[in-house]
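Below: the structure, in structure tokens.
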Amino acid sequence: MENTGKVKYKNLFYKMLRIRMVEEEIAQRYSQKKMRCPTHLSIGQEAVAVAVGENLFATDFAVSSHRAHAHYLAKGGNLSALIAEIYGKATGCAGGYGGSMHLSDLTVGFVASTAIVANTVPLGVGLSFSQVLKKQNAITCIFIGDAAIEEGVFYESLNFAVLKKLPVLFICENNLYSVNTPLHLRQPIERPIFKLAHGIGAKAEQFDGNDIVSMFDTVSKVIKDLRNQGGPWFLEFHTYRYKVHCGPEDDLNYNARPKEEIDYWLARDPVSLLQSKLLELSFLSLKEIDSYKQKIQEEINKAFDFAENSLFPSINDKYKFQYIDNNLEWLHSVLNPQKEVYTIE
Amino acid sequence: MENTGKVKYKNLFYKMLRIRMVEEEIAQRYSQKKMRCPTHLSIGQEAVAVAVGENLFATDFAVSSHRAHAHYLAKGGNLSALIAEIYGKATGCAGGYGGSMHLSDLTVGFVASTAIVANTVPLGVGLSFSQVLKKQNAITCIFIGDAAIEEGVFYESLNFAVLKKLPVLFICENNLYSVNTPLHLRQPIERPIFKLAHGIGAKAEQFDGNDIVSMFDTVSKVIKDLRNQGGPWFLEFHTYRYKVHCGPEDDLNYNARPKEEIDYWLARDPVSLLQSKLLELSFLSLKEIDSYKQKIQEEINKAFDFAENSLFPSINDKYKFQYIDNNLEWLHSVLNPQKEVYTIE
Amino acid sequence: MSNIKFINLVNAALKKAMQLDKSVLCYGLGMNDPTRIFGASEGLVEEFGEERVFDMPTSENAMTGVGIGLAINGFRPVFSHARLDFILLAMDQIINNAAKWNTMFAGAMSVPITIRLLVGRGWGQGPTHCQSLQANFAHIPGLKVVMPSFPEDVYGLLLSSIFDNNPVIFIEHRWLHNIVCDTNPYDFVPLGKARTVVNGSDITVVSMSYMTIEALHAIKFLQERGVNCDLIDLRTVKPIDWETIYKSINRTGKLLVLDTGFEFCSIASEIISKVSMDCFNNLNIAPRRLAMPDVSVPTSYILANSLYTYSENIASEICKMLKVDIDTQPLKNKRDNFPRDTPGDWFEGPF
Amino acid sequence: MSNIKFINLVNAALKKAMQLDKSVLCYGLGMNDPTRIFGASEGLVEEFGEERVFDMPTSENAMTGVGIGLAINGFRPVFSHARLDFILLAMDQIINNAAKWNTMFAGAMSVPITIRLLVGRGWGQGPTHCQSLQANFAHIPGLKVVMPSFPEDVYGLLLSSIFDNNPVIFIEHRWLHNIVCDTNPYDFVPLGKARTVVNGSDITVVSMSYMTIEALHAIKFLQERGVNCDLIDLRTVKPIDWETIYKSINRTGKLLVLDTGFEFCSIASEIISKVSMDCFNNLNIAPRRLAMPDVSVPTSYILANSLYTYSENIASEICKMLKVDIDTQPLKNKRDNFPRDTPGDWFEGPF
Ligand SMILES: Cc1ncc(C[n+]2csc(CCOP(=O)(O)OP(=O)(O)O)c2C)c(N)n1
Ligand SMILES: Cc1ncc(C[n+]2csc(CCOP(=O)(O)OP(=O)(O)O)c2C)c(N)n1
Ligand SMILES: [Mg+2]
Ligand SMILES: [Mg+2]
């Protein structure tokens, strides 16, 4: 890492640390039972979100899945609105209607995350298609897990993206598990996921998802290529989750997962890896880290205060979104029954 | 082709000719309006069905799609029952309930064809899995078109077959069209279908689907490998359909399809190709061909007579298959509420 | 004007929508092929180009999601399927995404997609090419479900569906496609409003889609014999125009509901149950329904025919309910002039 | 015996089925993981091995088809899903294949697959993790749909489902899983037979699944105050045991139907419409239903709670129908002892 990387990597470190601290705060406060919705934490997987998010503009789109906090934040999503959403408050990023699994911040292009495995995948491809049709010079990112690629809709969507050469980036965080089911019970492990995607016709690459230094520049290049040459691109990131699939508890239980596996990954924690490197190179001091933490903690406290102090949605609004009203008077007025003539060829 | 091939190829020729003549008879009689169901003919694609069918035993299973007459016949399905089925008669292979798109002859292992693109694919994989679980030494064949591979369920099914190394053979007849839509509007053509299947993890190969001499021995070898080493295997056969997607009319209309394409394929008609070769090598005489045709025509006439003379299913049976009855008295009698003890660990 | 058929008016509505608004897109299997989905997409690609009018891979599920993505970013896609049965592959996208998007994100995004589904019937369509599953869509909050019956309405209904901001399931019965229009068909028709086709005070008949055509035959026949029915064509089966139905019931006191779908948990069930709950005191005989019985439809036309409701069945049912004695044999005879597995002479394919 | 919970009895039924018949297989996501799908598959893989008890890729559609293939060749697969909502990906396999196979091939093959679907509720499940879509399955000819309410029934119902030769959709409400059994739960229970839970002559209450539990609270409360309800728990919602319902109606003349699903085109609609058609003269007041309103269920518990039916709503509705004046506040207060987005103390996850 050269000196020129100093600012860049300190910034990346800050962002990863921030996501880590937000999620740890959620984990810690979850037992208060005020966040009453299924919540999937990405602790251990922060580097991927940040590496990708850093290369995006607000005009780019992103969609994600049940485990979306990191993607939302890395794309620039509003923190207070995230926390308020998990609290079920009207000030949440989805007005409290969505919860942790349904995040959206349209001001920064984070379109949506949803709770059904892989079902934002075609939606993301559609968004990317819309960008092409509208000649918007932008890309769409689709964040998925290793299980999402097992759904047929992933394959159908990628086939369509390849057919139309759409500027869409698939980011697959392979954390080796779907809930508690290890990869080898779901996929032939002699067939890497990124190679599968390549076989379907995407440009594809794999990365160490925990060592941001090792992959950041290549990710940047890929995204540039996507903008200039079109896509789709499929990136597989090898990474690991520390918490239980859903909820705040730790899941590094040697009965459920192989000891060597846990030890391997714990030694390669993405935040620690980068921190050590930055300390080693004296790009960062312990004091600076402390000040980062303090600053972030203040932001987090504010976000939680905001969430706690916000109002719940009104019960009177429970039918508010049954349908979107729309007035078609304009259509009525432009239709002129007398003037239309249909010619049959 | 060596002399030893004589009997073999004459047999193959007879079978291809038989399928061709059956379908031409259907096409010719269709306008009588007695065959009142959507009917998809395989004229031009006979070599594939025969090349595969010849390597199967009755204990092997096969499933297919809307265009299944050839597969049914090549697997040994009863001809009279096929014609009667298209006529909607009670003596049909599905009692008249199925029609041309729902064929079955369990006595020869032709389990089923259905009318929804790709929806027998997972079923075939399930059948193959059942063979493994039952330690039945047999394989399952899944006949699909080039469009079926666009359905996510194909991909999911193949992934599972690869995961479990199931003895299942995918036979993809790539006839370049889905209804009237050419391949390049549906798939990236720089990505051959068999390579896609390979990328998903199957053993895969492509063949000239019209020249049975060029591929028969390799197909035999593949099927032996499947029996001995397990699978899945995916075979793509390049071939061409002459009739409209559905119905008896010709579809070699230069407005709808490129002239060079039509000319190329017409010059490579599978029945003519083999016939010329056999004549050339004097393995077969014109007289023999005539006698084949006569014999086949007699069989066909009988089958149509059978169909015409058969009764329709009884209207009284319209609710007969609403549910399958089953008597669970045996279950009632084995359950002994007093004796059961459930221990919670 | 008298040559214009239902399917031509579908085509005209698509054209009009695309002319009115550049955000309208049309796609589906065979969209630009020589047959143009029975004529629905005739001339579209020529006028609007391949970016707005396109064919697709046989990937119903993903292509529904693609439509949703397009809709979220400002397009109004119209996605057409030659058979309703194929869309069962896309129920996750329709139910878990399209139908819920508006609520799930508190109104921040709308999904103005229209999904055209054609219901097959006859000529041995078989069990998986003839399903009229409007009830499965109508059951889901957030979807609108439209089922035109008359050529006079289809143009207006399709335009209102395309420009509605909610996802709309637009179900066309294949047997309607060749019906010729005999009044001006280019008017605006709002969603959610039924049409009273015939006025009468003896009984209320509520119907939808192709069943309305059969009903009309029956009701005209009965009219000539002194029985007067109110015939309400729903047009939109979700949400339902309860007001029109209730008003009629409160006049007639009698209800017969016709449905193209399977009877169990059907639109007909919903109507009969709502009327029984809300107009109980005004009903003076037991309501009835005629719908597809609870059994898969076999392919053999002999069996299939026996499961469908024809005009004579409707007339008989009405007579039974009203306790009048009218011989419906003439209706039956008239129908037997052409095969019962076709709507007329034109239906031997394309299917 | 008093420690045995509903979920333990699901587990016991699976075990029993696998012991009785080697052709019974169990599979689903997380089948053999440490949590064993909330305990449903506890001990199975240990006793029956990985060939008969297996996990799978996240491929709901193909894995349904795989199950159908297994069933055709002689197996009885039980396919489990942690949420009903996930099966929407497999509607093509269920509706176009499993449901129709028997008819489509004139009885030559049967598809004895059982699909276990869990319905979520509360703790912010959100719109796509709480759907109770029994109506969408019940609408389809060829499927049976079973919805146990009591631990006393679930063992017998699940065994009868597994050994039924038709495809069975077996829907378990997650809020039932921890209910403790207090009578012998190991008896045979046939499909298609309802259970009269409470006898009373003032009104017929027809219910299913978790709603029966709420109903029971309401009905016991009213009983103490002199109102006597007939409570019928459907157990099988398709086919429905009409005889038991009609008999009750003909005694009480009044009907309230409770449904865990969305109201429009629901099982409740079907029951009210059938009763209105077939028992019209015996109904003496308008029938009523309490079901999920026609709107997606938001995640925030404040909003979600407001859409569900609680025992006090049932009690109030009955009082209104019977025109009796009973204060239901005590029921409400009792319920407020624990959070309304949980069935009791145990529900903070796993979900
Ligand atoms: C269609 C569907 N099937 C199953 C589930 C249950 N489920 C929720 S998350 C999940 C695992 C997803 O694993 P992966 O894609 O690897 O993401 P990760 O949780 O590891 O981030 C599953 C199976 C679901 N939500 N949707
Ligand atoms: C799910 C689904 N979508 C669409 C259709 C309509 N359809 C019937 S056959 C067919 C084309 C299939 O093409 P292919 O798989 O290449 O087989 P071919 O007809 O060429 O033999 C289509 C699209 C269908 N039956 N099912
Ligand atoms: Mg994972
Ligand atoms: Mg083809």
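By convention in this document, chain letters (A, B, ...) are assigned in the order of the sequence lines, proteins followed by strands, and residues within each chain are numbered from 1.
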Could you report the tightest heavy-atom contact between [X] and [Y], atom names first, then the distance?
X	Y	result
E156(A)	E60(C)	OE1-N, 4.3 Å
S113(A)	F105(C)	O-CZ, 3.6 Å
P122(A)	A62(C)	CB-O, 3.3 Å
Y186(C)	P337(A)	CB-CA, 3.7 Å

Interface residue of largest heavy-atom contact number with chain C, from [options], under 4.5 Å:
options	answer
A112(A), G98(A), G124(A)	A112(A)
F160(A), Y97(A), F154(A), Y323(A)	Y323(A)
H102(A), K320(A), E85(A)	H102(A)

Worksheet entry | From CA spacing to verdict: side chain to side chain donor-acceptor pair (under 3.5 Å), N119(A), N97(C) | CA-CA 8 Å; N119(A) 86 343; N97(C) 279 345; 3.1 Å; yes
Fill in: Ring centres under 6.0 angstrom apart (F75(C), F129(A))
no
Chain C contact via [X] - which portion, at a heavy-atom distance below 4.5 Å:
X	answer
A115(A)	neither
D325(A)	backbone
Y155(A)	neither
L103(A)	backbone
Q338(A)	both
V111(A)	both

Distance-only, no hydrogens or angles: does the [X] side chain make a donor-acceptor pair with backbone N or O of [Y] under 3.5 Å?
X	Y	result
K134(A)	N73(C)	yes
N165(C)	N326(A)	no
T103(C)	F321(A)	yes

[X] atom [atom1], neighbour heavy-atom count above 12 within 6.0 Å:
X	atom1	result
E50(C)	CD	no
E243(C)	CD	no
N137(A)	CG	no

Interchain contact, [X] with chain A, by part (heavy-atom threshold 4.5 Å):
X	value
Q93(C)	side chain
P141(C)	neither
P239(C)	both
N166(C)	side chain

Hey, what do you get for [atom1] ([X]) to [atom2] ([Y]), rounding to the nearest 0.5 Å?
X	Y	atom1	atom2	value
N159(A)	M56(C)	CG	CE	11.0 Å
L328(A)	S161(C)	CG	OG	9.5 Å
L133(A)	K22(C)	CG	NZ	12.0 Å

Fill in: Side-chain heavy-atom pair S160(C), L331(A) within 4.5 angstrom cut-off
yes
Discussion item. Quick check on the interface: out of I68(C), N102(C), L20(C), L143(C), who has the most heavy-atom pairs with chain A under 4.5 Å?
Written reply: N102(C)
Worksheet item: What residue in L191(C), T64(C), D187(C), V189(C) has the most heavy-atom pairs under 4.5 Å with chain A?
Response: D187(C)
Discussion item. Parallel, tilted or perpendicular, judged at 30° and 60°: which one describes the rings of F188(C) and H332(A)?
Written reply: parallel
Discussion item. Would T114(A) and M104(C) count as a side-chain contact (heavy atoms from CB on, under 4.5 Å) here? Give the steps.
Written reply: CA-CA 9 Å; T114(A) 69; M104(C) 209 145 71; 4.2 Å; yes
Worksheet item: Testing L127(A), V63(A), L106(A) for side-chain contact (heavy atoms from CB on, under 4.5 Å) with I72(C), which one passes?
Response: L127(A)
